[in-house]
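We name chains A, B, ... by the order of the sequence lines, and we start the count at 1 in each one.
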Amino acid sequence: MMAEAQEFDKSLASAKSAYSAGNLEDARFNLENALREVDATIGREILKVLPTSLGGLNSETKNDQVTGMSGGITGGLYVHRVYGVQAEKSATIDIISDSPMIAGINAILSMPSIMNTGNNDQKVVKVQGYKSLLNRETDENNKTTGYVLQIPFQNSLLTLDYSGDISEAEMLNLGNSLPMEKIIKLAQ
Amino acid sequence: MKAKLWITALALFSISYVGFAQGIVGKLKRTASKVGEQAVDKALNPNSGTNQSGTNQTGGNQSSSGGNNPSNTTGGGLVVTPPDVKENISDAENSFKAGNYSDARFALKQAMLGVEMEIGNMVLKSLPETVSGLKKVDSEDEVTSMGYGWVGLTVKREYSNGNKQLNVIIANNAAWMTAVNMYLSNANYASTSGEQNWKQTKVKGYRGVIEYSDGSGYKLSVPIGQSSLIVWDGINFASEQEMMNAANVFDLDGIKNKLGEK
C-alpha cells in the first residue's frame with residue numbers, strides 16, 4: 001500500500017511536470033501509470049471485502065491478483081481470487097472494469113427470451129437484484145461439471161466460476177452470498 | 001326475372017356492406033391508433049401534444065409524421081471544452097490522499113481525457129488543408145477520446161469536392177489496434193488468403209493494406225508505430241494510384257511523433 005502510494009505520487013509528479021513542459025505524450029504515459037496504481041489500490045480494497053471462504057472452499061490469498069493480462073488489455077480494474085485447490089472443486093472470482101465484454105453480456109441480458117430458448121445451458125437469472133448470466137458447464141455425458149455466473153454492474157463485470165459438482169440453486173446461493181454492494185461501491 | 005333482380009340487388013348490397021364495414025373497421029382502427037398515440041404521448045410528456053401549453057410555439061416545427069411532440073429548435077448544445085488537466089491532477093492527488101480512490105480514478109481519467117484531446121487537436125492541426133484538390137471540411141473535424149481504456153484516441157478529418165471525398169481517421173492507443181497490427185503485418189496470411197479486392201502496399205515506407213469495393217470505393221489502412229492506425233476512405237477516386245497519391249500527401253512521421261509512437 002505504501003509502495004503504491006509512493007508510485008502514485010511519483011507518476012503524478014512526472015505527469016505534472018511533463019504536461020507543464022508541453023510533453024503531452026509523457027504526461028499521458030505517467031497518468032496511465034498513476035491510474036494503474038489507483039486501480040491496484042481499489043483492487044486490494046475489493047479483495048478485503050471478498051469472502052475468505054466460498055461454499056466451503058477456502059481462499060488462496062497468496063494467489064490474489066490485482067493486475068494481470070485482462071487488466072492490461074482492458075486498461076482498468078482487475079481483481080482475481082481463487083478458492084480451493086482440490087482437484088474436484090475450485091472457484092474463482094474475477095472483477096474487471098471497463099471490460100469490452102460488458103456490451104455483449106448486456107445485449108444477451110436484454111433479450112432473455114431468445115437466449116433461454118436457444119441454449120439450454122445458459123439462462124438469465126437475478127442475483128441480489130442484478131440481472132446476470134448463468135452458464136452450466138458439462139462433460140461429454142452432459143453431466144454438470146460447474147457453473148459460470150456473470151454479473152455486470154455499471155461498466156464492470158464480476159465472474160464467479162465454479163468447477164465441480166454443484167447444483168444450480170447452490171451456485172445461485174454462492175452468488176447471493178457475495179458482498180455486491182460493497183464491491184460496487186469500491187469499483188465505481 | 002324478379003328473382004334475378006332480387007339476387008342482383010342482394011349481391012350489390014352485400015358488396016356495398018362489406019365495403020362499408022371495411023370502411024368502418026378502418027376508421028375504427030385509425031381512431032384507436034390515434035387515441036393510442038395520444039395516450040402514449042401524454043404518458044411520456046404530459047406537457048406535449050397540444051399547442052395550448054405554448055411550448056410548441058417556440059419550437060415551431062412540428063414533425064411531419066403527424067405526431068404532436070415538439071421538435072427541439074433551441075439550446076446551446078454541450079460545453080465541449082476539454083477537462084482542465086492540472087486541476088484534475090490536483091483533484092486526483094487530494095482524493096487519493098483522502099482514501100477516496102473512486103474519485104481519484106475519475107479525476108485521473110478526466111486528466112487523461114484532457115491530455116488526449118490536446119494531442120488529438122495537435123494532430124488535426126498538422127494535417128494538410130487540401131489533398132489532391134479536395135478541401136478540408138471544417139465542420140467534420142473531430143477528436144474523440146475515452147480518456148483511458150481500450151477505445152483510445154480518434155482523430156477524424158474529411159476532405160471533399162463535389163462528389164469526390166476523402167475521409168481520414170487516425171486511431172491511437174486502442175487495445176484492439178494490436179490485433180489489427182498483427183493482421184496487417186502478417187504477409188503470409190495476406191498472400192494465401194486468395195482475396196482479390198485487397199492487397200498489401202506501402203505509404204512513405206509504412207506497410208499497409210489497400211482495399212476496393214464498388215460500393216464504398218478505396219480504403220487504405222496503415223498502422224504507424226506500436227498502437228496507431230491511419231485509415232483513408234476515398235470515394236470516387238479514379239484509380240488506385242490517385243488514392244495512393246492522396247495518402248502520400250500526409251506526413252506520417254509527423255503524425256507518429258505527435259502521437260508519441262516509436
Practice item. Just jot down the ring-ring contact (aromatic ring centres under 6.0 Å, His included) partners of A:Tyr147, sequence neighbours excluded, or say none. Key: none
Exercise for review: Under 4.5 Å, heavy atom to heavy atom: which of residues 177-188 of chain A reach chain B? Give them by number, or say none.
Suggested key: A:Ala187, A:Gln188
Revision key, fill the gap. Heaviest contributor of heavy-atom pairs below 4.5 Å to chain A, chosen from B:Glu118, B:Lys258, B:Met122, is B:Glu118
Check your understanding: Would you say the side chains of A:Ser97 and B:Arg105 form a donor-acceptor pair under 3.5 Å?
Key -> yes
Can you tell me how far the [atom1] atom of [X] sits from the [atom2] atom of [Y], to the nearest 0.5 Å?
| X | Y | atom1 | atom2 | result |
| --- | --- | --- | --- | --- |
| A:Thr41 | B:Tyr101 | OG1 | OH | 6.0 Å |
| A:Glu25 | B:Leu259 | CD | CG | 7.5 Å |
| A:Lys16 | B:Lys86 | NZ | NZ | 10.0 Å |
| B:Leu108 | A:Asn30 | CG | CG | 11.5 Å |

Heavy atoms from other residues, nucleotides or ligands near [atom1] of [X] exceed 12 (cutoff 6.0 Å):
| X | atom1 | result |
| --- | --- | --- |
| B:Lys202 | NZ | no |
| A:Phe29 | CZ | no |
| A:Tyr130 | OH | yes |

Check your understanding: If you look at every heavy atom in B:Val115 and A:Leu24, which pair is closest and at what distance?
Key -> CG1-O, 3.4 Å
Practice item. Enumerate the residue pairs fulfilling salt bridge (charged side-chain N to carboxylate O under 4.0 Å, His left out) with a member in residues 142-165 of chain A, sequence neighbours excluded, ordered by first and then second residue. Key: none
Exercise for review: Would you check if B:Glu116 and A:Leu31 make a side-chain contact, meaning some heavy-atom pair closer than 4.5 Å?
Suggested key: no
Exercise for review: Could you walk me through whether B:Asn172 and A:Arg28 pass side-chain contact (heavy atoms from CB on, under 4.5 Å), step by step?
Suggested key: CA-CA 12 Å; B:Asn172 166 252; A:Arg28 176 161 76 158; 2.4 Å; yes
**Study point:** For B:Glu142, salt bridge (charged side-chain N to carboxylate O under 4.0 Å, His left out) partners two or more places apart
**Key:** none
